[in-house]
Each structure stands twice: as C-alpha cells, then as structure tokens.
Amino acid sequence: MRTMLNIANYEVRHILKDRVAFAIVFLAPLFYAFLMGSVYFSAAINDVPFALVDLDHSLASREVVNVFSSGQHFKINPEIDSYEKMETAMREGIIRGGIVIPEDFSQKLSQKQGTEVLAVYDASNLLWGYNVRKFAYEGMDEFNRRYAAAYLQSMGMHPTQSDEVLNMVRCSIMTWYNPTYSYINFLYAGVIFIILHQLGLLGITLTIPREKEGNTWIHYLASPLERWQIIFGKSLPYIIAGFFNYALLLWFAHQFILLKIEGSILLILLLGFLYTCAIMFLGFFISLYAENSLQISRYLILLSIPIFMISGYTWPRYRIPGVIIAISELTPFTWMAEAFRKVTIKNLGFPDIAFNVLGLIIMIIIGIGLSFTFRKDREPVAGDKIRVNGGLEYPRRV
C-alpha cells in the first residue's frame, strides 16, 4: 500500500509540475462548467423577438395585440407593420416569430363567421420554434376566452355565469419533476458529466504516453513492482481529483446556476465515485496502448459529441436504434446521466438506480481487468522490499 501511495505521490508531482496537466485536471472543469452555465443561466426562453402585423386596426385586432404584448413571452418589434417587413426580418434573424391579423378580422367576428390569424415562427432552431408555437397558442386561447366572455355578457349573461360556461370543463395540469420547464434541469447536469468524462479521460490517458515519450516507462516495466501497484498508484491522483471536481461542479451548479439537486446525498456521492473510477480505469487502459500524446488528443476530441448524442440523455432512448443504444451502454456517461437524473430530479431511491449502479461497477471491473493486460519485463522477487521515494526519481530496488 505504501508503495502504491508513493507512486501516486510521484504522479501528483508530475501534475503540479506540468502546467498543462494541472489545468486539465483542476482548472478546465470549473472553467467549462462556468462557461456552459453562463449560456444556460436564464433556464427558460422568454422575450422572444416577435412581430405583430395588424392589418385590420380595429378594437378586436387591438385586443389581440394587447394579449401578445402583455407578459414576458414576447418582445414586440414596433417597426414591423407589414407581411413583407416581417418576412425580411425573419430571414435576417431580427425576429423569431410573428402574428398577422387579416384586414377583415373584426368584420368576420361581427358577422359570427369563422376567421383566423396567421402565426409564423422560425423552426430552423427547434427551441425557438417550439416555444414560439406554444406561446402563440396560449395567446390565441386567451383572446378566444376573452372574446367569448364578452359575447356572452352582451347576450345578457352575468360575468359569473359566463365564466362558469367557459370553464365548464377545465384541464388541471400538474407538472412533475421540473415544474418550471427549466432548460438547466434538462441539460446542464449532462454537460457537467461530459466535461468530467472528457477531461478526466484526457488527464489520465496522457500519463503513460508521457512516460513513454520521456523513456521512463521502462523503469516501471523493469522494476519488481506489482502491476496492481502501478495501476492504482497511477490512477489514484486522478480518481481523487475527478471526484473533487465532481463535487465542486455540482456545488457550483446548485448554488450559482440553480440546478435542481434533490434526493439522497449518499447516492449522489456514490454515483460520482463510481463514475470517476470507471472513467479513470478505462482511461488508464487506453493510455497503456496509446503511442503518443497527440494520438490521445485526436481521438478524444472525436468522442465527446457522439457519447452525448447516443446516450439518450436529450432524446428518448426508445427512438434510438438498438445497435446505437448497445454502443452507448459501453460508456460510463450513459449509466451515470440516467441515474443522476433519477436521483436529483425525480428524487428516487437506490432500488430505482440499482441497475445503473451495477452497470458502473461492471465498467470499473472491466477497466481494471483491461489495465492488467500490460506485460512487465521483470516479475517481483518474493520477499524483496521495494520502495518508491516519492521524489523525482523512479522506482528502484533497495
């Protein structure tokens, strides 16, 4: 155990000595979390750039304008007063949606004829499109309710009675788990986990290539050190740093980005520890067979986006082809992201994430098993005392 800790101490010295390694392990995770948090801090989309083109200029059309102008959903651009201007503004990205009230709007209403307004929105960005459509429907529903109430009251019905008629059948909506529809609760935890995943891999996978490039890996292979001492000694600093970053980023996200974190603290810590270990041991195995640091950097850049996309974190898993789902289950991110959402957003307990925990444990076992595949040129001598002095020298016999 002491030998393993000495190897870990030696690895820590390397991290502290190398500015790039230090930044990857300790500074980059918080920097990326802060950067992503500043992007998604608003949590919901409001003040959508919007146009109201009133071609009727009647009391009824102004009521429609008032409905859409009030509230925080839309930010009305007063300079757009024609369909042509709205089309140009939409093309140039000045607005993201608009309402066009036809010239005969009030006339048809007075004649009790069916009429309609035109709602357009920019669906090139699905978040803009979904929210504008949702807000447009809500606005027209509100106008219809007001118009129907006014009509019934003009027929002699008391306001209380008209409200009872209009609300004869009501839909009671109860939103579970994310009642504010916060985009942070939907996405930000996944961003944190992919940051930890990629930076954790990058940090530990550079360890053995660094030794190879410095012609020092041979000292480990030729020494009588046990393979488990090398594996755990090299991995331990990165496991500790990864778990520290996990706790730090969650605290930061909860305190400053307002990420919803509920549920058992012990389960959250357990998931973080297992996730970190799975990443580091798989990373150690990759580092054993990587030829150089450049190769590591190239391949890891290619991993982050696919891992996030195929995990099912932002898209229903049942709509993803089975082959891709099977591939996604080979990454710690898939198991971690789903379990974390169950615990912190849905406030579920251990029985509900037991399968995910088992998946992470299996990945740890696989990672450790694969890490033992490297060969040593010299096997340990029975009864020999080996030590690593923890300084800048390399393992040796005494």
Side-chain angles (χ1 to χ4, degrees), residues 29-30 32-34 36-37 40-41 43-44 174-201 238-282 304 307-320 325 328-367:
L30 185 59
Y32 282 121
F34 173 79
M36 299 298 180
Y40 298 111
F41 181 73
M174 181 181 294
T175 305
W176 290 4
Y177 308 130
N178 189 16
T180 61
Y181 297 97
S182 170
Y183 204 67
I184 285 180
N185 292 336
F186 167 66
L187 182 67
Y188 192 66
V191 171
I192 287 178
F193 298 143
I194 203 67
I195 290 172
L196 294 172
H197 190 282
Q198 292 305 99
L199 292 179
L201 275 180
Y238 297 95
I239 292 175
I240 294 174
F243 187 72
F244 170 79
N245 285 327
Y246 170 80
L248 176 63
L249 265 57
L250 289 187
W251 172 82
F252 171 81
H254 182 64
Q255 292 294 321
F256 299 102
I257 312 300
L258 306 182
L259 174 68
K260 178 183 178 183
I261 299 181
E262 298 181 354
S264 169
I265 297 298
L266 290 178
L267 283 182
I268 295 173
L269 294 177
L270 173 65
L271 288 173
F273 177 73
L274 295 178
Y275 182 59
T276 302
C277 290
I279 292 171
M280 299 311 170
F281 288 123
L282 290 173
S304 56
I307 287 174
F308 194 81
M309 289 177 61
I310 70 178
S311 67
Y313 189 78
T314 60
W315 188 254
R317 287 171 63 86
Y318 79 95
R319 301 302 300 170
I320 300 176
I325 287 294
S328 74
E329 291 175 351
L330 300 177
T331 67
F333 178 85
T334 298
W335 300 98
M336 175 61 182
E338 181 184 20
F340 187 85
R341 180 177 279 173
K342 287 180 178 180
V343 173
T344 60
I345 303 298
K346 295 186 175 183
N347 204 0
L348 301 180
F350 182 80
D352 300 288
I353 64 167
F355 191 67
N356 300 75
V357 170
L358 179 61
L360 288 172
I361 292 175
I362 291 175
M363 298 207 74
I364 292 172
I365 294 173
I366 292 174

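Quantities reported herein were computed from a predicted structural model and do not represent experimental measurements. Along the sequence shown, residues are numbered consecutively beginning with 1.
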Out of curiosity, Asn356 CG to Leu271 CG, how far, rounded to the nearest 0.5 Å? 8.0 Å

One should read off an interatomic distance between Thr331 OG1 and Leu282 CG, to the nearest 0.5 angstrom, of 9.5 Å

Heavy atoms, side chains only, cut-off 4.5 Å: are Trp335 and Phe355 in contact? yes

Kindly give the heavy-atom pair with the smallest separation between Cys277 and Ile239, and that separation in Å. SG-CG2, 4.0 Å

Does any N or O in the side chain of Arg341 come within less than 3.5 Å of the main-chain N or O of Phe186, such that one atom is a donor and the other an acceptor? yes

Whether Ser328 side chain and Thr334 backbone form a donor-acceptor pair below 3.5 Å: no

Show, in sequence, the C-alpha distance, side-chain angles and deciding distance for Ile307 and Gln198, and conclude whether the side-chain contact (heavy atoms from CB on, under 4.5 Å) test is met. CA-CA 10 Å; Ile307 287 174; Gln198 292 305 99; 4.0 Å; yes

NZ on Lys342 to CG on Asp352, rounded to 0.5 Å: 6.5 Å

Would you indicate whether the side-chain heavy atoms of Lys260 and Asn178 approach each other to under 4.5 Å? no

Fit a plane to each ring of Phe308 and Tyr313, take the angle between them on a 0 to 90° scale, and name the class: parallel (under 30°), tilted (30 to 60°) or perpendicular (over 60°). tilted

Pick out which of Leu348, Ile353, Leu270 makes a side-chain contact (heavy atoms from CB on, under 4.5 Å) with Val343. Ile353

If I compare all heavy atoms of Pro29 with all of Leu249, which pair ends up nearest, and what's the gap? O-CD2, 3.7 Å

Side chain of Tyr275, backbone of Leu196: donor and acceptor closer than 3.5 Å? no

Closest heavy-atom pair and its distance - Gly272, Met336: N-CE, 4.1 Å

Look up atom CG in Leu259 and atom OG in Ser182, then write down how far apart they are to the nearest 0.5 Å. 8.0 Å

By side chain to side chain contact (heavy atoms under 4.5 Å, CB included) - contacts of Leu250 (at least two apart): Ile192, Tyr246, Ile261, Ile268, Phe340

Between CE on residue Met309 and OG1 on residue Thr314, distance to nearest 0.5 Å: 8.0 Å

Output, in order, the C-alpha distance, side-chain angles, deciding distance and verdict of side-chain contact (heavy atoms from CB on, under 4.5 Å) for Phe243 and Leu269. CA-CA 9 Å; Phe243 187 72; Leu269 294 177; 3.9 Å; yes

With a 4.5 Å heavy-atom cut-off, do Leu258 and Ile184 have their side chains touching? no

Given the rule in the side-chain contact (heavy atoms from CB on, under 4.5 Å) test, do Val357 and Leu274 qualify, once you have shown the distances and angles that lead to the verdict? CA-CA 8 Å; Val357 170; Leu274 295 178; 3.7 Å; yes

Looking at every heavy atom in both Tyr238 and Thr276, which two are closest together, and how far apart are they? O-CG2, 4.3 Å

Applying salt bridge (charged side-chain N to carboxylate O under 4.0 Å, His left out), name anything that partners Glu329, two or more places apart in sequence or on another chain. Arg317

Do the non-hydrogen side-chain atoms of Tyr177 and Asn185 ever get within less than 4.5 Å of each other? no

Rounding to 0.5 Å, atoms CD1 (Ile310) and CZ (Phe333) come to a distance of 10.0 Å

